[in-house]
2 protein chains.
Amino acid sequence: MRPLFHPSIDDVTLEGILHALSDPVRMAIFADIVKGDCAPSCSSFLRVNEKAIPKSTLSQHFKALREAGLIRGQRQGVEMHNTPRCAELQERFPGLMAAISSAYFLQLQRNSEKAKKRSRRRRATTE
Amino acid sequence: MRPLFHPSIDDVTLEGILHALSDPVRMAIFADIVKGDCAPSCSSFLRVNEKAIPKSTLSQHFKALREAGLIRGQRQGVEMHNTPRCAELQERFPGLMAAISSAYFLQLQRNSEKAKKRSRRRRATTE
DNA sequence: TCCATTAGTTCACAAGTTCGGAACTCATGA
DNA sequence: TCATGAGTTCCGAACTTGTGAACTAATGGA
(Lines give C-alpha, C1' and ligand atoms only; values in the text may rest on other atoms or scores of the structure.)
Protein backbone atom coordinates (compact mmCIF):
# COMPACT_ATOMS: atom_id res chain seq x y z
CA MET A 1 0.00 0.00 0.00
CA ARG A 2 1.23 3.42 -0.98
CA PRO A 3 2.32 5.59 1.96
CA LEU A 4 -0.17 8.24 3.07
CA PHE A 5 0.42 11.81 1.96
CA HIS A 6 0.24 14.61 4.53
CA PRO A 7 1.01 18.20 3.50
CA SER A 8 3.47 20.17 5.59
CA ILE A 9 1.57 22.68 7.73
CA ASP A 10 3.09 25.51 5.67
CA ASP A 11 1.45 24.12 2.55
CA VAL A 12 -1.99 24.00 4.14
CA THR A 13 -4.24 26.60 2.52
CA LEU A 14 -7.39 28.33 3.70
CA GLU A 15 -9.19 27.39 0.46
CA GLY A 16 -8.22 23.77 1.00
CA ILE A 17 -9.60 23.75 4.54
CA LEU A 18 -12.85 25.46 3.55
CA HIS A 19 -13.34 23.14 0.61
CA ALA A 20 -12.73 20.02 2.69
CA LEU A 21 -15.23 21.14 5.34
CA SER A 22 -17.85 22.39 2.87
CA ASP A 23 -19.07 18.81 2.50
CA PRO A 24 -21.52 17.93 5.29
CA VAL A 25 -20.24 14.35 5.60
CA ARG A 26 -16.61 15.47 5.91
CA MET A 27 -17.58 18.21 8.37
CA ALA A 28 -19.41 15.62 10.52
CA ILE A 29 -16.44 13.23 10.40
CA PHE A 30 -13.97 15.98 11.28
CA ALA A 31 -16.13 17.25 14.15
CA ASP A 32 -16.35 13.72 15.56
CA ILE A 33 -12.60 13.22 15.28
CA VAL A 34 -12.00 16.54 17.05
CA LYS A 35 -14.49 15.72 19.81
CA GLY A 36 -12.72 12.36 20.05
CA ASP A 37 -15.84 10.64 21.32
CA CYS A 38 -15.67 7.68 18.99
CA ALA A 39 -12.96 5.48 17.50
CA PRO A 40 -11.57 7.67 14.70
CA SER A 41 -11.16 4.92 12.10
CA CYS A 42 -12.82 4.81 8.71
CA SER A 43 -15.24 2.04 9.58
CA SER A 44 -16.63 3.85 12.61
CA PHE A 45 -18.34 6.22 10.16
CA LEU A 46 -20.20 3.72 8.02
CA ARG A 47 -23.25 5.77 8.94
CA VAL A 48 -23.23 9.55 9.35
CA ASN A 49 -26.38 11.33 10.53
CA GLU A 50 -28.53 8.20 10.03
CA LYS A 51 -27.28 7.82 6.48
CA ALA A 52 -25.24 4.82 5.30
CA ILE A 53 -22.05 5.83 3.49
CA PRO A 54 -20.32 3.37 1.12
CA LYS A 55 -16.79 2.67 2.23
CA SER A 56 -15.21 3.76 -1.05
CA THR A 57 -16.80 7.16 -0.55
CA LEU A 58 -15.64 7.27 3.06
CA SER A 59 -12.12 6.44 1.99
CA GLN A 60 -12.17 9.38 -0.44
CA HIS A 61 -13.50 11.69 2.29
CA PHE A 62 -10.69 10.69 4.65
CA LYS A 63 -8.19 11.25 1.87
CA ALA A 64 -9.65 14.73 1.24
CA LEU A 65 -9.39 15.60 4.95
CA ARG A 66 -5.79 14.33 5.09
CA GLU A 67 -4.73 16.20 1.97
CA ALA A 68 -6.30 19.42 3.20
CA GLY A 69 -4.07 19.05 6.27
CA LEU A 70 -6.95 18.65 8.73
CA ILE A 71 -6.17 15.18 10.03
CA ARG A 72 -3.24 12.84 10.25
CA GLY A 73 -3.80 9.16 9.43
CA GLN A 74 -1.60 6.35 10.72
CA ARG A 75 -2.04 2.71 9.83
CA GLN A 76 -2.19 0.57 12.95
CA GLY A 77 -2.20 -2.99 11.72
CA VAL A 78 -5.30 -3.42 9.66
CA GLU A 79 -6.95 -0.24 10.87
CA MET A 80 -6.33 3.44 10.30
CA HIS A 81 -5.99 5.78 13.23
CA ASN A 82 -6.95 9.39 12.53
CA THR A 83 -6.06 12.36 14.71
CA PRO A 84 -6.84 16.04 14.14
CA ARG A 85 -3.89 18.41 13.50
CA CYS A 86 -5.40 20.99 15.86
CA ALA A 87 -2.24 22.41 17.40
CA GLU A 88 -0.50 22.97 14.06
CA LEU A 89 -3.66 24.43 12.52
CA GLN A 90 -4.10 26.77 15.48
CA GLU A 91 -0.55 28.01 14.94
CA ARG A 92 -1.03 28.45 11.21
CA PHE A 93 -4.52 30.07 11.33
CA PRO A 94 -5.22 31.19 14.91
CA GLY A 95 -8.87 30.85 15.87
CA LEU A 96 -10.05 29.48 12.55
CA MET A 97 -10.78 25.89 13.49
CA ALA A 98 -12.41 26.90 16.76
CA ALA A 99 -14.74 29.31 14.93
CA ILE A 100 -15.73 26.71 12.33
CA SER A 101 -16.32 24.00 14.95
CA SER A 102 -18.44 26.24 17.10
CA ALA A 103 -20.47 27.36 14.05
CA TYR A 104 -20.98 23.67 13.23
CA PHE A 105 -22.24 22.75 16.70
CA LEU A 106 -24.46 25.85 16.79
CA GLN A 107 -26.04 24.79 13.51
CA LEU A 108 -26.49 21.19 14.68
CA GLN A 109 -28.25 22.40 17.80
CA ARG A 110 -30.47 24.78 15.87
CA ASN A 111 -31.41 22.08 13.37
CA SER A 112 -32.43 19.69 16.11
CA GLU A 113 -34.57 22.42 17.70
CA LYS A 114 -36.25 23.08 14.36
CA ALA A 115 -36.92 19.36 13.89
CA LYS A 116 -38.54 19.19 17.35
CA LYS A 117 -40.78 22.16 16.55
CA ARG A 118 -41.78 20.63 13.24
CA SER A 119 -42.75 17.30 14.77
CA ARG A 120 -44.70 19.04 17.56
CA ARG A 121 -46.61 21.03 14.93
CA ARG A 122 -47.28 17.91 12.87
CA ARG A 123 -48.69 16.15 15.92
CA ALA A 124 -50.88 19.17 16.72
CA THR A 125 -52.42 19.33 13.24
CA THR A 126 -53.16 15.59 12.95
CA GLU A 127 -54.84 15.43 16.36
CA MET B 1 -34.44 40.82 -15.58
CA ARG B 2 -35.41 38.32 -12.93
CA PRO B 3 -35.28 39.67 -9.34
CA LEU B 4 -32.21 38.65 -7.31
CA PHE B 5 -32.58 35.86 -4.80
CA HIS B 6 -31.25 36.35 -1.27
CA PRO B 7 -31.74 33.64 1.35
CA SER B 8 -33.18 34.59 4.72
CA ILE B 9 -30.39 34.62 7.32
CA ASP B 10 -31.99 31.58 9.01
CA ASP B 11 -31.55 29.58 5.83
CA VAL B 12 -27.84 30.37 5.57
CA THR B 13 -25.79 27.23 6.25
CA LEU B 14 -22.21 26.72 7.36
CA GLU B 15 -21.59 24.33 4.43
CA GLY B 16 -22.90 26.97 2.04
CA ILE B 17 -20.57 29.64 3.43
CA LEU B 18 -17.53 27.35 3.41
CA HIS B 19 -18.27 26.18 -0.11
CA ALA B 20 -18.72 29.73 -1.43
CA LEU B 21 -15.43 30.86 0.12
CA SER B 22 -13.46 27.74 -0.84
CA ASP B 23 -12.97 29.23 -4.30
CA PRO B 24 -9.97 31.60 -4.32
CA VAL B 25 -11.63 34.06 -6.72
CA ARG B 26 -14.79 34.26 -4.61
CA MET B 27 -12.75 34.59 -1.41
CA ALA B 28 -10.78 37.48 -2.97
CA ILE B 29 -13.99 39.19 -4.13
CA PHE B 30 -15.65 38.78 -0.75
CA ALA B 31 -12.59 40.05 1.12
CA ASP B 32 -12.50 43.15 -1.10
CA ILE B 33 -16.20 43.80 -0.59
CA VAL B 34 -15.76 43.48 3.18
CA LYS B 35 -12.73 45.80 3.21
CA GLY B 36 -14.84 48.16 1.08
CA ASP B 37 -11.75 49.63 -0.52
CA CYS B 38 -12.98 49.41 -4.10
CA ALA B 39 -16.27 49.90 -5.91
CA PRO B 40 -18.10 46.66 -5.09
CA SER B 41 -19.66 46.11 -8.53
CA CYS B 42 -19.09 43.12 -10.76
CA SER B 43 -16.97 44.95 -13.28
CA SER B 44 -14.50 46.17 -10.69
CA PHE B 45 -13.28 42.56 -10.51
CA LEU B 46 -12.49 41.97 -14.17
CA ARG B 47 -9.05 41.06 -12.91
CA VAL B 48 -8.43 39.28 -9.60
CA ASN B 49 -4.82 38.73 -8.47
CA GLU B 50 -3.40 39.66 -11.90
CA LYS B 51 -5.71 37.18 -13.61
CA ALA B 52 -8.41 38.27 -16.08
CA ILE B 53 -11.83 36.79 -15.27
CA PRO B 54 -14.53 36.57 -17.98
CA LYS B 55 -17.66 38.44 -17.00
CA SER B 56 -19.95 35.43 -17.28
CA THR B 57 -17.76 33.67 -14.73
CA LEU B 58 -17.79 36.73 -12.49
CA SER B 59 -21.55 36.90 -12.70
CA GLN B 60 -21.78 33.26 -11.52
CA HIS B 61 -19.35 33.94 -8.65
CA PHE B 62 -21.46 36.88 -7.46
CA LYS B 63 -24.56 34.71 -7.70
CA ALA B 64 -22.83 32.03 -5.60
CA LEU B 65 -21.86 34.60 -2.93
CA ARG B 66 -25.42 36.00 -2.88
CA GLU B 67 -27.06 32.59 -2.64
CA ALA B 68 -24.73 31.52 0.16
CA GLY B 69 -26.00 34.59 2.05
CA LEU B 70 -22.63 36.35 2.15
CA ILE B 71 -23.50 39.48 0.17
CA ARG B 72 -26.56 41.45 -0.80
CA GLY B 73 -26.81 42.77 -4.36
CA GLN B 74 -28.92 45.74 -5.40
CA ARG B 75 -29.30 47.01 -8.93
CA GLN B 76 -28.50 50.71 -9.16
CA GLY B 77 -29.28 51.77 -12.68
CA VAL B 78 -27.05 49.79 -14.98
CA GLU B 79 -24.70 48.69 -12.21
CA MET B 80 -24.96 46.27 -9.34
CA HIS B 81 -24.10 47.37 -5.84
CA ASN B 82 -22.89 44.63 -3.50
CA THR B 83 -22.67 44.86 0.28
CA PRO B 84 -21.57 42.22 2.78
CA ARG B 85 -24.18 40.84 5.21
CA CYS B 86 -21.68 41.05 8.08
CA ALA B 87 -24.03 42.02 10.91
CA GLU B 88 -26.55 39.26 10.16
CA LEU B 89 -23.78 36.69 9.69
CA GLN B 90 -22.18 37.70 12.97
CA GLU B 91 -25.52 37.14 14.71
CA ARG B 92 -26.05 33.78 13.03
CA PHE B 93 -22.48 32.40 13.45
CA PRO B 94 -20.63 34.58 15.98
CA GLY B 95 -16.94 35.00 15.17
CA LEU B 96 -16.98 32.88 12.02
CA MET B 97 -16.56 35.54 9.36
CA ALA B 98 -13.93 37.39 11.38
CA ALA B 99 -11.89 34.20 11.77
CA ILE B 100 -12.11 33.37 8.05
CA SER B 101 -11.22 36.92 6.99
CA SER B 102 -8.24 37.12 9.31
CA ALA B 103 -7.01 33.70 8.11
CA TYR B 104 -7.33 35.00 4.56
CA PHE B 105 -5.31 38.16 5.20
CA LEU B 106 -2.71 36.18 7.14
CA GLN B 107 -2.30 33.84 4.17
CA LEU B 108 -2.08 36.76 1.70
CA GLN B 109 0.64 38.36 3.78
CA ARG B 110 2.56 35.12 4.12
CA ASN B 111 2.35 34.45 0.38
CA SER B 112 3.71 37.87 -0.46
CA GLU B 113 6.60 37.33 1.99
CA LYS B 114 7.36 33.99 0.36
CA ALA B 115 7.32 35.61 -3.09
CA LYS B 116 9.76 38.29 -1.90
CA LYS B 117 12.14 35.66 -0.51
CA ARG B 118 11.95 33.69 -3.73
CA SER B 119 12.82 36.69 -5.89
CA ARG B 120 15.67 37.68 -3.57
CA ARG B 121 17.09 34.15 -3.82
CA ARG B 122 16.71 34.17 -7.61
CA ARG B 123 18.64 37.42 -7.85
CA ALA B 124 21.39 36.05 -5.55
CA THR B 125 21.91 32.89 -7.65
CA THR B 126 22.01 34.69 -11.02
CA GLU B 127 24.53 37.27 -9.81
C1' DT C 1 -37.33 58.50 -30.67
C1' DC C 2 -33.55 55.74 -32.04
C1' DC C 3 -29.07 54.10 -31.57
C1' DA C 4 -24.72 52.97 -29.26
C1' DT C 5 -22.79 51.86 -25.01
C1' DT C 6 -22.15 49.68 -20.75
C1' DA C 7 -23.35 46.27 -17.00
C1' DG C 8 -24.83 42.08 -15.99
C1' DT C 9 -27.50 37.50 -17.01
C1' DT C 10 -28.65 33.28 -19.39
C1' DC C 11 -27.69 29.39 -22.26
C1' DA C 12 -25.17 25.48 -23.99
C1' DC C 13 -21.42 22.77 -23.99
C1' DA C 14 -16.75 21.20 -22.73
C1' DA C 15 -13.86 20.09 -18.94
C1' DG C 16 -13.37 18.75 -14.37
C1' DT C 17 -15.02 16.66 -9.97
C1' DT C 18 -17.48 13.48 -7.05
C1' DC C 19 -20.07 9.24 -5.90
C1' DG C 20 -20.33 4.46 -5.35
C1' DG C 21 -20.03 -0.59 -6.83
C1' DA C 22 -16.60 -4.12 -7.97
C1' DA C 23 -12.21 -5.69 -7.63
C1' DC C 24 -8.15 -5.12 -5.44
C1' DT C 25 -4.14 -4.95 -1.45
C1' DC C 26 -2.50 -5.83 2.93
C1' DA C 27 -2.24 -7.41 7.89
C1' DT C 28 -4.02 -10.62 11.00
C1' DG C 29 -5.72 -14.84 13.28
C1' DA C 30 -7.20 -19.67 12.86
C1' DT D 1 -2.29 -21.31 3.80
C1' DC D 2 -6.68 -19.57 3.83
C1' DA D 3 -10.58 -16.61 5.33
C1' DT D 4 -11.62 -12.27 7.11
C1' DG D 5 -11.90 -7.43 7.85
C1' DA D 6 -10.18 -2.65 6.90
C1' DG D 7 -9.04 0.46 3.36
C1' DT D 8 -7.77 1.70 -1.41
C1' DT D 9 -8.10 1.92 -6.38
C1' DC D 10 -10.49 1.86 -10.68
C1' DC D 11 -13.91 3.38 -13.60
C1' DG D 12 -18.52 4.75 -15.41
C1' DA D 13 -22.47 7.64 -14.36
C1' DA D 14 -24.06 11.86 -12.47
C1' DC D 15 -23.18 16.27 -11.10
C1' DT D 16 -20.70 20.90 -11.07
C1' DT D 17 -18.04 24.55 -12.96
C1' DG D 18 -15.94 27.79 -16.41
C1' DT D 19 -16.53 30.20 -20.62
C1' DG D 20 -17.98 32.27 -25.19
C1' DA D 21 -22.06 33.84 -27.54
C1' DA D 22 -26.34 35.71 -27.39
C1' DC D 23 -29.30 38.01 -24.61
C1' DT D 24 -31.83 41.92 -21.48
C1' DA D 25 -31.99 46.33 -19.31
C1' DA D 26 -30.70 51.11 -18.18
C1' DT D 27 -28.54 55.27 -19.78
C1' DG D 28 -26.94 59.13 -22.48
C1' DG D 29 -26.40 61.37 -26.62
C1' DA D 30 -27.91 62.74 -31.58
Side-chain angles (χ1 to χ4, degrees), chain A residues 1-6 13 15-30 32-33 38-68 70-83, chain B residues 1-6 13 15-30 32-33 38-68 70-83:
Chain A
M1 241 172 231
R2 190 186 301 184
L4 299 173
F5 171 71
H6 293 98
T13 64
E15 305 90 84
I17 292 175
L18 300 186
H19 179 252
L21 297 180
S22 69
D23 181 284
V25 172
R26 284 196 293 264
M27 183 73 232
I29 292 174
F30 180 69
D32 270 16
I33 291 179
C38 77
S41 64
C42 241
S43 55
S44 48
F45 290 98
L46 286 171
R47 8 194 71 254
V48 171
N49 303 331
E50 333 247 309
K51 209 173 136 252
I53 313 273
K55 64 178 189 163
S56 62
T57 305
L58 268 185
S59 176
Q60 311 269 33
H61 283 322
F62 275 88
K63 189 179 175 202
L65 289 170
R66 274 198 313 271
E67 300 196 339
L70 289 163
I71 62 175
R72 201 174 275 288
Q74 287 160 300
R75 282 191 237 279
Q76 292 196 341
V78 82
E79 286 204 354
M80 183 84 115
H81 193 256
N82 294 289
T83 43
Chain B
M1 243 175 231
R2 190 187 300 183
L4 299 174
F5 171 72
H6 293 98
T13 64
E15 303 91 84
I17 292 175
L18 299 185
H19 180 250
L21 297 180
S22 69
D23 181 283
V25 172
R26 284 196 295 262
M27 183 74 230
I29 293 173
F30 180 69
D32 270 15
I33 292 178
C38 78
S41 66
C42 241
S43 55
S44 47
F45 291 97
L46 286 171
R47 7 194 72 255
V48 171
N49 303 332
E50 331 249 309
K51 210 175 136 254
I53 313 273
K55 63 179 190 165
S56 61
T57 305
L58 267 185
S59 177
Q60 309 272 32
H61 282 322
F62 275 88
K63 190 179 174 202
L65 289 170
R66 276 199 312 271
E67 299 196 340
L70 288 163
I71 62 175
R72 200 175 277 288
Q74 287 160 301
R75 281 191 239 278
Q76 292 195 342
V78 81
E79 287 203 352
M80 182 84 116
H81 194 257
N82 295 289
T83 43

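Between the CE atom of A:Met80 and the P atom of D:dG7 there is a distance of 7 Å, given to the nearest Å. The CD-C1' distance, from A:Glu79 to D:dG7, rounds to 10 Å in whole Å. Distance NZ (A:Lys63) to P (C:dC19): 13 Å, rounded to an integer number of Å. Rounded to whole angstrom, the span from the CZ atom of B:Arg75 across to the C1' atom of D:dA25 amounts to 9 Å. Across the protein-nucleic acid pair, B:Phe62 atom CZ and C:dA7 atom C1' stand 12 Å apart, rounded to whole Å. Rounded to whole Å, atom P of C:dC26 lies 15 Å from atom NZ of A:Lys55. Distance B:Phe5 CZ to C:dT9 P: 15 Å, rounded to the nearest Å. In this structure, A:Gln76 atom CD and C:dC26 atom C1' are separated by 16 Å, rounded to whole Å.
Between B:Ser59 and C:dT9, a side-chain N or O to OP1/OP2 separation shorter than 4.0 Å is present.
In this structure, A:Gly73 and A:Asn82 approach most closely via the heavy-atom pair CA-OD1, 3.5 Å. Of all non-hydrogen atoms in A:Ala20 and A:Ala68, the two that sit nearest each other are CB-CB, 3.7 Å.
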Do any N or O atoms of the protein come closer than 3.5 Å to N or O atoms of nucleotides 18-21 of chain D, and which pairs are they?
| from | atom 1 | to | atom 2 | distance (Å) |
| --- | --- | --- | --- | --- |
| D:dT19 | OP2 | B:Thr57 | OG1 | 3.2 |
| D:dT19 | O4 | B:Gln60 | NE2 | 3.4 |
| D:dG20 | N7 | B:Ser56 | OG | 3.1 |
| D:dG20 | O6 | B:Ser56 | OG | 3.3 |

Pairs: protein N or O with nucleotides 1-3 of chain D N or O, under 3.5 Å:
none

Tabulate protein N/O versus nucleotide N/O from nucleotides 12-15 of chain D, keeping only pairs under 3.5 Å, one per line.
none

- Query: Given the rule in the side-chain contact (heavy atoms from CB on, under 4.5 Å) test, do A:Arg66 and A:Phe5 qualify, once you have shown the distances and angles that lead to the verdict?
  - Reply: CA-CA 7 Å; A:Arg66 274 198 313 271; A:Phe5 171 71; over 6 Å; no
- Message: Assess the residue pair B:Thr13 and B:Leu18 against the criterion (side-chain contact (heavy atoms from CB on, under 4.5 Å)); give the C-alpha distance rounded to whole Å, side-chain angles, the decisive distance to 0.1 Å, and a yes or no.
- Response: CA-CA 9 Å; B:Thr13 64; B:Leu18 299 185; over 6 Å; no
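Distance from the side chain of A:His19 is smallest for C:dT18 among the nucleotides C:dT18, C:dG8, D:dT8.
Contacts of A:Gln60 classified as side chain to side chain contact (heavy atoms under 4.5 Å, CB included), with partners at least two apart in sequence or in another chain: none. Judged as a side chain to side chain donor-acceptor pair (under 3.5 Å), and not counting sequence neighbours, A:Gln74 has no contacts. In this structure B:His19 satisfies the side chain to side chain donor-acceptor pair (under 3.5 Å) test with no other residue, sequence neighbours excluded. Residues passing the side chain to side chain donor-acceptor pair (under 3.5 Å) test with B:Arg26, sequence neighbours excluded: B:His61.
Each of A:Val78 and B:Leu4 has a nearest nucleotide on DNA chain C; the 5'-most of these lies closest to B:Leu4.
Contact of the B:Phe62 side chain with the B:Leu4 side chain is not registered, since no non-hydrogen atoms from C-beta on lie closer than 4.5 Å.
In this structure, B:Glu67 CD and B:Leu65 CG are separated by 10.0 Å, a value rounded to the nearest 0.5 Å. Rounding to the nearest 0.5 Å gives a distance of 11.0 Å between NE2 of B:His81 and CD1 of B:Ile71.
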